[in-house]
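To start, the structure under review is shown below, and the notes come after it.
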Amino acid sequence: MKERLRQAICAALETCFSNGTLGSGEIPTVVLEVPAHAEHGDFATNVAMTMARAEKKAPRKIAEAIVAALGGENDLWQKVEIAGPGFINFSLTRRCWYAVLDEIDEKQERFGLSTAGAGERVQVEFVSANPTGPLHIGHGRGAVVGDATAAILRAVGYDVQREYYVNDAGNQVVTLGRSIWLRLRELAGEAVDFPEDCYQGGYIRDLAIDLKASDSALLDLAEEEAIKKCSAFGVCQVLEWIGADLKLFGIHFDNWYSEQSLYDHNMVNTELAKLAAKGLSYEQDGALWFKTTEYGDDKDRVLIKSDGSPTYFASDVAYHMEKFERGFSRVIDVWGADHHGYVPRMKAVLAGLGHPPEDLEVLLIQMVNLLRDGQPFTMGKRSGNFITLREVIEEVGSDACRFFFLMRRSDSQLDFYLDLAKQQSSDNPVYYVQYAHARVCSINRNAKEVGVSPPARGEVAFDRLDRDDELALSKMLSRYPEVVEGAARHYEPHRIVFYLQELAAQFHSYYNRSKVLGDDREVSQARLYLVNCVRTVLANALTLLGVSAPETM
RNA sequence: GCGCGGUUAGCUCAGCUGGAUAGAGCGUUGGCCUCCGGAGCCAAAGGUCAUAGGUUCGAAUCCUAUACCGCGCGCCA
């Protein structure tokens, strides 16, 4: 619809140029936007204003010429007006707005999808929490944002892979093993001095108990070997927990990528050799450095420590280069905002090894503040433990949890009100939206009971939808595909959430004002058609966010 | 000190590529159940868009500086 309008404007401009009313001869980019106020019509363009300079004419004069060339009303618009400093406002016909209802009815769950991404291969890597402890609330936000972003990109036609990078190779894994080992000895009755740099959480003891049950001979082994076994067991077990938590959250990864495998396949050395060959690394103080400062980082970074062991950064170089070798044209990393200092060096890696840095997009997810009774609430029951993601999901449910995590822009901090998330009232946005969906389902059940059948496409009496709020709802529905597209282009799932809240509000308001199932059969059927389109869009949007669209509540 | 993010109504936040009179929810105040699910709706009050400059037809939006809040700045991960 917007496109048809754009074409009409371009054609009008051509007319102006050929008959000499306008002189510059260059068609500018025609921007059409939805005005903030309804009295300004359905779409507005500012071309007359942007052309003012080149034409050396007053914007309103230019607008007049364009409007004259556009001609009178037709099946697309019913009114064209010049307003304000030179806006051209279009009011479209009711008929053409109602056309979107047929489109929704036809496409159903495909309404809102597009092929804009053209099958381009994109990877979204998210969560990637160290396998040394359960997921906490902060991981949860990244998990949901990553998952929803992936879903949205898929909806607009990208070939998306979801990946979890498992840091199973670094020091932290040894620390995990040692922590378990010490607890194990404690269980055997030894007095153990548990160091501060070991993992303090109570889950370590749980792991030790489990391990003791499955491998009682462990205590007889030499320390190094025992710790190794403890590490392997711990990583395996913790990953299982993480997988279970994510499953509870409805998140599925296409691929779990092991950091250790980069070493096993000698890929770290291979990439480091490439850097050396390009003269991008050097030795100093017994360590190997990457000249990240050549690409905008504020200091160079160590790849190999003076003790000969590689840094986390070294494997990350290999990992990211390997991503591109796998054929992704774009790679999206979802990180906690506390890792933001890492962005410049990662971009430097790409630049140094011959990829445009823009091919890597890093989404930084700001912190979550949990609040209960309005009070900050970050510590769990056992002191020293962050509240786990699982505890929150079990308390408020996956739907509410996901919805709340998506309610804010990722780069602003999020206050998570536990009480509100649990509340079953319209104050709780997730219930409010879900209830709108359930309400249409309820109307459908009722319609069946009173014998009003949904009308067939093509036989809907759109002229009986003569109320302003019916038109407004249709306009709202027609915006959905653009909202999805915008969310995809900017990696901003929260846009869908805001849209949902707005749509639900408009629907509830409509519902309250006018009975869908009334005395007039034709009107009832038309309204039934309309509210079912609302239902479809609500369901599509909720599904995109991984939130359920219940038929009853 | 340097870097990143933030600053919009009493509170929590939206605000698209710079557009017309800056929006929503909560809270406050006042209304609405003979009615498809009140898990809902309607209305009112509430603003120096942190501050000061700049860019221009036009700035909450872009640029510069300042203030405040959060985070980061290791041969940790």
Side-chain angles (χ1 to χ4, degrees), chain A residues 29 31 33-37 39-40 44 46 49-50 52-53 58-59 83-87 89 130 132 167 169-173 175 197 259 284-289 298-299 301-313 316 336-344 364 366-367 369 371 374 407-415 417 420 423-429 431-432 434-436 438-447 449-450 452 482-483 486-487 489-490 492 494-495 497-498 501-502 504-505 507-518 524 527-528 531 552-553:
Chain A
T29 330
V31 176
E33 58 174 21
V34 180
H37 301 278
E39 60 270 31
H40 294 133
N46 60 352
M49 280 135 83
T50 57
R53 190 183 292 257
F87 288 102
N89 296 337
N130 282 343
T132 53
N167 294 113
N171 243 325
Q172 78 279 3
V173 172
T175 304
D197 63 349
E259 180 186 6
Q284 190 183 307
D285 304 330
L288 183 71
W289 300 70
D298 48 6
K299 54 181 96 159
R301 307 293 171 178
V302 170
L303 293 161
I304 306 286
K305 296 180 252 180
S306 54
D307 68 0
S309 62
T311 60
Y312 180 76
F313 182 48
D316 238 14
D338 53 344
H339 288 72
H340 71 255
Y342 221 83
V343 177
L364 296 171
Q366 281 290 352
M367 301 178 53
N369 304 310
L371 297 128
M407 271 197 316
R408 303 279 176 255
R409 257 171 51 205
S410 309
D411 55 6
S412 66
Q413 294 188 16
L414 170 70
D415 287 333
Y417 293 87
L420 180 61
Q423 207 167 306
Q424 311 217 339
S425 77
S426 62
D427 292 350
N428 182 348
Y431 275 88
Y432 183 78
Q434 288 182 317
Y435 179 50
R439 211 168 209 184
V440 179
C441 295
S442 165
I443 295 171
N444 283 335
R445 287 189 293 271
N446 213 278
E449 213 160 287
V450 299
V452 176
E482 297 165 35
V483 171
R489 190 166 52 247
H490 297 276
E492 290 183 343
H494 77 273
R495 292 178 185 224
V497 173
F498 279 89
Q501 294 188 87
E502 229 179 297
F507 166 72
H508 283 308
S509 171
Y510 174 63
Y511 172 92
N512 236 265
R513 241 190 308 248
S514 42
K515 234 170 131 58
V516 173
L517 305 173
S524 298
R527 289 180 173 176
L528 195 58
V531 298
T552 58
M553 296 182 70

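Chain A is the first sequence line, chain B the second, and so forth, proteins listed ahead of strands; every chain is numbered from 1. Every value quoted in this text rests on a predicted model; they were computed, and no experiment measured them.
- Across all strands, A:R409 comes closer than 4.0 Å only to sugar-phosphate atoms, never to a base (heavy-atom distances).
- A:F498 comes within 4.0 angstrom of the backbone, heavy atoms only, and of no base.
- By the criterion of a centre-to-centre distance under 5.5 Å and near-parallel planes under 30°, the ring of A:F87 forms no stack with the base of B:rG19.
- Among the atoms of the strands shown, only primed sugar atoms or phosphate atoms (P, OP1, OP2) are found under 4.0 Å from some heavy atom of A:Q413.
- A:Q501 comes within contact range of no nucleotide atom at all, as no heavy-atom separation falls under 4.0 Å.
- When the side-chain nitrogen and oxygen atoms of A:Y417 are compared with OP1 and OP2 of B:rG25, none of them lie within a distance under 4.0 Å.
- Counting non-hydrogen atoms under 4.0 angstrom, A:Y511 reaches a base of the nucleic acid.
- Minimum atom distance to the side chain of A:V516 is reached by B:rC36, of the listed B:rC36, B:rU12, B:rG19.
- A distance of about 32 Å separates the P atoms of B:rG54 and B:rG46, rounded to the whole Å.
- Judged by closest nucleotide on RNA chain B, A:D427 is the one of A:D427 and A:K515 placed further toward the 5' end.
- When heavy atoms are screened at a 4.0 angstrom cut-off, A:N46 is found touching base atoms of the nucleic acid.
- Phosphate proximity of B:rG38 to A:R439: present, with a side-chain N or O under 4.0 Å from OP1 or OP2.
- Within the nucleic acid shown, A:T552 comes within 4.0 Å of at least one base atom, counting heavy atoms only.
- For B:rC71, the OP1/OP2 oxygens have no side-chain nitrogen or oxygen of A:H339 closer than 4.0 Å.
- Among the atoms of the strands shown, base atoms are found under 4.0 Å from some heavy atom of A:A83.
- If you check every strand for non-hydrogen atoms under 4.0 Å, A:S410 touches nothing.
- Taking CE of A:M407 as the start and CG of A:D415 as the end, the distance is 10.0 Å to the nearest 0.5 Å.
- Nucleic acid contact for A:N89: base, since at least one base atom lies under 4.0 Å from a heavy atom of the residue.
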How would RNA chain B look in dot-bracket form, 5' to 3', counting Watson-Crick and G-U wobble pairs with both distances under 3.5 Å and writing | for bases paired to another strand?
(((((((..((((.....[...)))).(((((.......))))).....(((((..]....))))))))))))....
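- Residue-level contact check: A:S509 touches the backbone only, with heavy atoms under 4.0 Å from sugar-phosphate atoms and none from bases.
- For the pair A:K305 and B:rA77, the criterion of a side-chain N or O lying under 4.0 Å from OP1 or OP2 is met.
- Classification of the A:F498-A:H494 ring pair by plane angle, with boundaries at 30° and 60°, yields perpendicular.
- Using cut-offs of 30° and 60° for the angle between ring planes, the A:H508 and A:Y435 rings count as parallel.
- A:A44 comes within contact range of at least one nucleobase, with a heavy-atom separation under 4.0 Å.
- For A:T50 and B:rG18, the shortest distance from a side-chain N or O to OP1 or OP2 is not below 4.0 Å.
- Using a 4.0 Å heavy-atom distance criterion, A:N512 is classed as a base contact.
- Between the CD atom in A:E449 and the CG atom in A:L517 there is a gap of 10.5 Å [rounded to 0.5 Å].
- Residue ring and nucleobase are stacked for A:H40 and B:rA20, with a centre distance beneath 5.5 angstrom and an angle between planes beneath 30°.
- Within the 4.0 Å cut-off from OP1 or OP2 of B:rU12, not a single side-chain nitrogen or oxygen of A:H494 is found.
- The OH atom of A:Y417 sits 13.5 Å away from the CG atom of A:N428 when rounded to the nearest 0.5 Å.
- Within the nucleic acid shown, A:N167 has no heavy atom closer than 4.0 Å to any nucleic acid atom.
- Side-chain proximity of A:D285 to B:rC36, B:rC13, B:rC75: nearest is B:rC75.
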